**Student:** 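Dropping a structure here in structure tokens format, bear with me for questions.
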Amino acid sequence: MVTKILCVAEKSSIAKAVAGHLSGGRVETSNTGNTYIKNYKFQFDFGRTWGHCEVCMTSVSGHLSAVDFASEYKNWSHPPPESLFGAPIREFVPEDKSAIAQNIAAQARGAKALFIWTDCDREGEHIGNEVKTEALKGNRRLQVKRAKFSNIERAHILQAARNPIDLDDRQVNAVATRIELDLRIGYAFTRFQTNLLRTLGGPLAEAMISYGSCQFPTLGFVVDRYWRVKNFVPETFWSIKVTQKREGINVVFNWKRNRLFDRATVIILFERCLDAKRAKVTKVTEKGTRRIKPLPLTTVELQKMATKYLRMNSQQAMTVAETLYNKGYISYPRTETDRFDKEMDLKALVQKQIQDNRWGEFANNLMNGGFNQPREGRHDDKAHPPIHPVTYCAPGGLSADEGRLYEFVTRHFLACCSEDAKGAQTDVEIEYGDESFHTHGTIVLERNFLDVYVYQNWTNSTMLPKFTLGEVFEPTEAMITEGKTTAPGYLTEPDLLALMDANGIGTDATMAEHIAKIKERVYVFTRPRGTNAAGGDSQDDAPAAGRGRSGGRAGAVGARGGAGIDEFIPSSLGVALVDGYDQIGLESSLSKPFLRKEMELKMKAICEGRATREDVLQESLRQYKRVFMDCKEGSAVLKSSCRRFVLNGAA
DNA sequence: GCAAGGTC
């Protein structure tokens, strides 16, 4: 009898792609009880491992199981929330996944082995274990292996198919630990603070005040910036500006000391300049300079750019990206990888874009010798390549948002395959009295990737007139300027995403959800930047040119600029919660990212065999229960903070 | 009613 092998991927698209490669195209497709999932049957020779086999390739759709507390813990008050730190947990297959689980058990019957094709990351390992559990229900004697693959190139998949490895129980345990901790801690604190603050009445009487290890630090970032804006005290500074008109160009020389906060000192130094009458050119340098092309596109970067330039929020951007992915236009949109695998045929992808009338000519130039291998970033999630267009899509076939995001992904990809922009920079330094001043001019020589990447610009060609080393001249004008430091702006969505990313809050797939969550809970709200006069833009190191500032960061603002971007303001409830927990004075307040970081480190320890699941659970639960008890004792502080901000409208 | 992580 012929050997049967059951293969299971993490999502239907991978099952389809792998089945395509292994079958060589001769495949029989059948439906399952789930609309999105199909079974692919074909023949494949696994070589030494199992030889010539009949294969059924199918998939799950992310995690297969869920966790919950037993029904006696349904009530929010009895037993008290702290009992959730030790209450028994049950694991089960939710209703909407039962057809998937049954399909796996059914296909496992009569199979010799289960071959797991989930993503090669921690969550994927855990999902693989969930698949294993279900498959063993259908066939106790199943041999279990997993494929090790990091992209879906044909040769790579064939190689993975013939070299199966074992599931890594450490990674499975690390994820199981995270799941349990998030559940216990999230439910316990959510019930505690909701119950507690309900007693204050008013707008809090009906509110759901959730706590989560990701949503709270996200709120914390917004509140932190809010106070920095609110508490900002402007300071007056003075500077010296020297101007020389030459060849019809007004050349402004900036002071090497930039600015001083003491007026009298600036006046003394300025008078010495005037006494000297003449300035001397002490340095003239000319050098090549470049504007570097972007790194291959990750999810976080896509979200940052979409919130900055396309006027979408991160959640809209992800929804649109998923639609484009499901329609087959772009690659998988959830990835941390910012380097393309060397074996990928990038030119074939560029070729497909030649027909477009917006960037087709640029793509054509890449095909005719302009192609350069993309830069290689340092991140590789070992599961997905950087986001890129996989087929050409004419502008008519998409909604407005889909069209704009597809355009961005494509332009970004073509920019990656192009070359850095090149220019020449001239720096001139002068001495005037005892003071030094400098200026520089740039000429863009080759725009290269900038021609397709319309989101960026290189503030063009500030030509300098000729200055010669050692020459002496009398400046056209010298003056003292006065300015004031300005407050930082409130957080914008790209700022917030960058902070979450840097602090390990959430994943590529969930960061947008956490931001949406704290809006939904009314911990924060957004409004177009500049609605309120209080916030300036995000620079506080204004050039010494006085108050009239042009705004925007040089070079970073493209054709569609950052204009109209939203800023995040905490609600009074958001401010009150963070203030309350900070006041309770825990070394690591719940609103800070440290607790989440610690959890990340502990998961790593489990993966590397330095700790066990039981060690980490025991230690973390003890630690969080102590924090919980501190909060319970500090209830009055939390309540008074909410009274002050929410009910009495402080701040 | 409550988390965060997958995915459609």
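Because the structure is a prediction, the values reported are computed rather than measured. The analysis underlying the following values was restricted to heavy atoms, covering all of them including side chains, and did not include hydrogens, waters or symmetry mates. The chains referred to below are lettered A, B, ... by the order of the sequence lines, with proteins before strands, and numbering in each begins at 1.
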**Student:** Using the closest heavy atom to pick a nucleotide of DNA chain B for each, name whichever of A:Y73 or A:E123 lands nearer the 5' end.
**Tutor:**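 Of the two residues, A:Y73 wins.
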**Student:** In whole angstrom, give the distance that lies between atom CE of A:M318 and atom C1' of B:dT7.
**Tutor:**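 Spelled out: CE on A:M318 to C1' on B:dT7 is 11 Å.
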**Student:** Have a look at A:F69 and say if it touches a base, only the backbone sugar-phosphate, or nothing, with a 4.0 Å heavy-atom cut-off.
**Tutor:**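 Answer is nothing: A:F69 stays at 4.0 Å or more from every strand.
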**Student:** If you look at every strand shown and take non-hydrogen atoms under 4.0 Å, does A:N34 touch a base, only sugar-phosphate, or nothing?
**Tutor:**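 Result for A:N34 = nothing.
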**Student:** Taking 4.0 Å as the cut-off, does a side-chain nitrogen or oxygen of A:S210 come that near to OP1 or OP2 on B:dC2?
**Tutor:**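 So the side chain of A:S210 is outside the cut-off, no N or O lying under 4.0 Å from OP1 or OP2 of B:dC2.
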**Student:** Parallel, tilted or perpendicular, judged at 30° and 60°: which one describes the rings of A:Y211 and A:F189?
**Tutor:**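 Correct class here is tilted.
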**Student:** Are A:E493 and A:T526 packed together at the side-chain level, in the sense that at least one heavy-atom pair is separated by less than 4.5 angstrom?
**Tutor:**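 Contact flag for A:E493/A:T526 side chains = no.
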**Student:** Have a look at A:G506 and say if it touches a base, only the backbone sugar-phosphate, or nothing, with a 4.0 Å heavy-atom cut-off.
**Tutor:**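 Sugar-phosphate only.
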**Student:** Pick the nucleotide of DNA chain B nearest each of A:R334 and A:C214; which residue has the one closer to the 5' end?
**Tutor:**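 Of the two residues, A:C214 wins.
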**Student:** Which residue is it: A:R146, A:K11, A:K382? I am looking for the one with a salt bridge (charged side-chain N to carboxylate O under 4.0 Å, His left out) to A:D119.
**Tutor:**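 Among A:R146, A:K11, A:K382, the one that satisfies the salt bridge (charged side-chain N to carboxylate O under 4.0 Å, His left out) with A:D119 is A:K11.
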**Student:** Apply side chain to side chain contact (heavy atoms under 4.5 Å, CB included) to residues A:Y624 and A:L595 and explain how you reach the verdict.
**Tutor:** CA-CA 9 Å; A:Y624 272 101; A:L595 290 173; 3.2 Å; yes
**Student:** Rounded to the nearest Å, what distance is computed from the CD atom of residue A:E520 to the P atom of nucleotide B:dC2?
**Tutor:**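 Value for this atom pair: 8 Å.
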**Student:** Tell me whether the rings of A:H388 and A:F413 are parallel (<30°), tilted (30 to 60°) or perpendicular (>60°).
**Tutor:**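 If you compare the ring of A:H388 with that of A:F413, the planes turn out tilted.
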**Student:** Is any side-chain N or O of A:S61 under 3.5 Å from a base N or O of B:dC8, one able to act as donor and the other as acceptor?
**Tutor:**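 Donor-acceptor pair under 3.5 Å: yes.
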**Student:** Rounded to the nearest angstrom, tell me the gap between atom CD1 in A:I330 and atom P in B:dC8.
**Tutor:**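 Value for this atom pair: 13 Å.
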**Student:** Taking the side chain of A:W76 as heavy atoms from C-beta outward, which of B:dG1, B:dA4, B:dT7 is closest to it?
**Tutor:**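 Within the option list, the nearest is B:dG1.
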**Student:** Nearest whole angstrom, please: distance from the C1' of B:dA4 to the CE of A:M603.
**Tutor:**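 It works out to 10 Å between those atoms.
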**Student:** Under the salt bridge (charged side-chain N to carboxylate O under 4.0 Å, His left out) criterion, do A:D168 and A:R122 qualify, and how do the steps go?
**Tutor:** CA-CA 9 Å; A:D168 180 355; A:R122 267 195 321 230; over 6 Å; no
**Student:** Write down the distance between CG (A:L577) and C1' (B:dC2), rounded to a whole number of angstrom.
**Tutor:**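 Value for this atom pair: 15 Å.
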**Student:** Assign A:E10 to base, sugar-phosphate, or nothing according to its heavy-atom contacts below 4.0 angstrom with the strands shown.
**Tutor:**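 Sugar-phosphate, no base atom in range.
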**Student:** Looking at the side chain of A:M208, which of B:dC8, B:dG1, B:dG6 is the nearest nucleotide?
**Tutor:**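 Closest nucleotide to the A:M208 side chain: B:dG1.
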**Student:** Over how many whole Å does the gap from A:R521 atom CZ to B:dG1 atom C1' extend?
**Tutor:**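 In whole Å, B:dG1 C1' and A:R521 CZ are 9 Å from each other.
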**Student:** Give a yes/no on whether any side-chain N or O of A:R596 is located under 4.0 angstrom from OP1 or OP2 of B:dG5.
**Tutor:**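 Yes.
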**Student:** How long is the line joining CD of A:E206 and C1' of B:dG1, in whole Å?
**Tutor:**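 In whole Å, B:dG1 C1' and A:E206 CD are 12 Å from each other.
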**Student:** NA contact type, A:R122, heavy-atom cut-off 4.0 Å: base, sugar-phosphate, or nothing?
**Tutor:**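 Counting heavy atoms under 4.0 Å across all strands, no contact is made by A:R122.
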**Student:** Take the protein atom CG of A:D121 and the nucleotide atom P of B:dT7, then report the distance between them rounded to whole Å.
**Tutor:**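 Nearest whole value for this atom pair: 8 Å.
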**Student:** Please list residues of residues 173-190 of chain A whose heavy atoms come under 4.0 Å from any atom in DNA chain B, ordered by number; otherwise none.
**Tutor:**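 Going residue by residue through residues 173-190 of chain A, the ones with a heavy atom under 4.0 Å of DNA chain B turn out to be A:R178, A:I179, A:D182, A:L183, A:G186, A:Y187, A:T190.
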**Student:** With a 4.0 Å cut-off on heavy atoms, is A:Y332 in touch with a base, just the backbone sugar-phosphate, or nothing at all?
**Tutor:**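 Since only primed, P, OP1 and OP2 atoms lie under 4.0 Å of A:Y332, the category is sugar-phosphate.
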**Student:** Counting side-chain heavy atoms from C-beta on, which of B:dA3, B:dG6, B:dG1 comes nearest to A:T194?
**Tutor:**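 It is B:dG1.
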**Student:** With the side chain of A:I127 defined as its heavy atoms from C-beta on, choose the nearest nucleotide among B:dA4, B:dT7, B:dG6.
**Tutor:**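 Output: B:dG6.
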**Student:** In terms of side-chain heavy atoms of A:N326, which of B:dC8, B:dG5, B:dA4 is nearest?
**Tutor:**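 My answer, after comparing the listed nucleotides, is B:dC8.
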**Student:** Can you tell me which nucleotide in B:dG6, B:dA3, B:dC8 comes closest to the side chain of A:T507?
**Tutor:**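 The answer is B:dG6.
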**Student:** Please work out if A:K517 contacts a base, only the sugar-phosphate, or nothing of the nucleic acid, heavy-atom cut-off 4.0 Å.
**Tutor:**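 Sugar-phosphate: the residue A:K517, judged by heavy atoms under 4.0 Å, touches backbone atoms but no base.
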**Student:** Would you list the pairs meeting salt bridge (Lys or Arg N to Asp or Glu O under 4.0 Å) in which at least one residue belongs to residues 390-401 of chain A, sequence neighbours left out?
**Tutor:**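 Qualifying pairs, neighbours excluded: A:D401-A:R404.
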**Student:** Contact class for A:H126 (heavy atom, under 4.0 Å): base, sugar-phosphate, or nothing?
**Tutor:**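 A:H126: no heavy atom of the nucleic acid under 4.0 Å.
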**Student:** Are A:H63 and B:dA4 close enough that a side-chain N or O sits under 4.0 Å from OP1 or OP2?
**Tutor:**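 A:H63 to B:dA4 OP1/OP2: no side-chain N or O under 4.0 Å.
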**Student:** For the residue pair A:M599 and A:D182, establish whether any side-chain heavy-atom pair is separated by less than 4.5 Å.
**Tutor:**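 Side-chain contact under 4.5 Å: yes.
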**Student:** Determine the interplanar angle of the A:Y73 and A:F69 rings, folded into 0 to 90°, and report it as parallel if under 30°, tilted if 30 to 60°, perpendicular if over 60°.
**Tutor:**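 Rings of A:Y73 and A:F69: tilted, as their planes differ by 30° to 60°.
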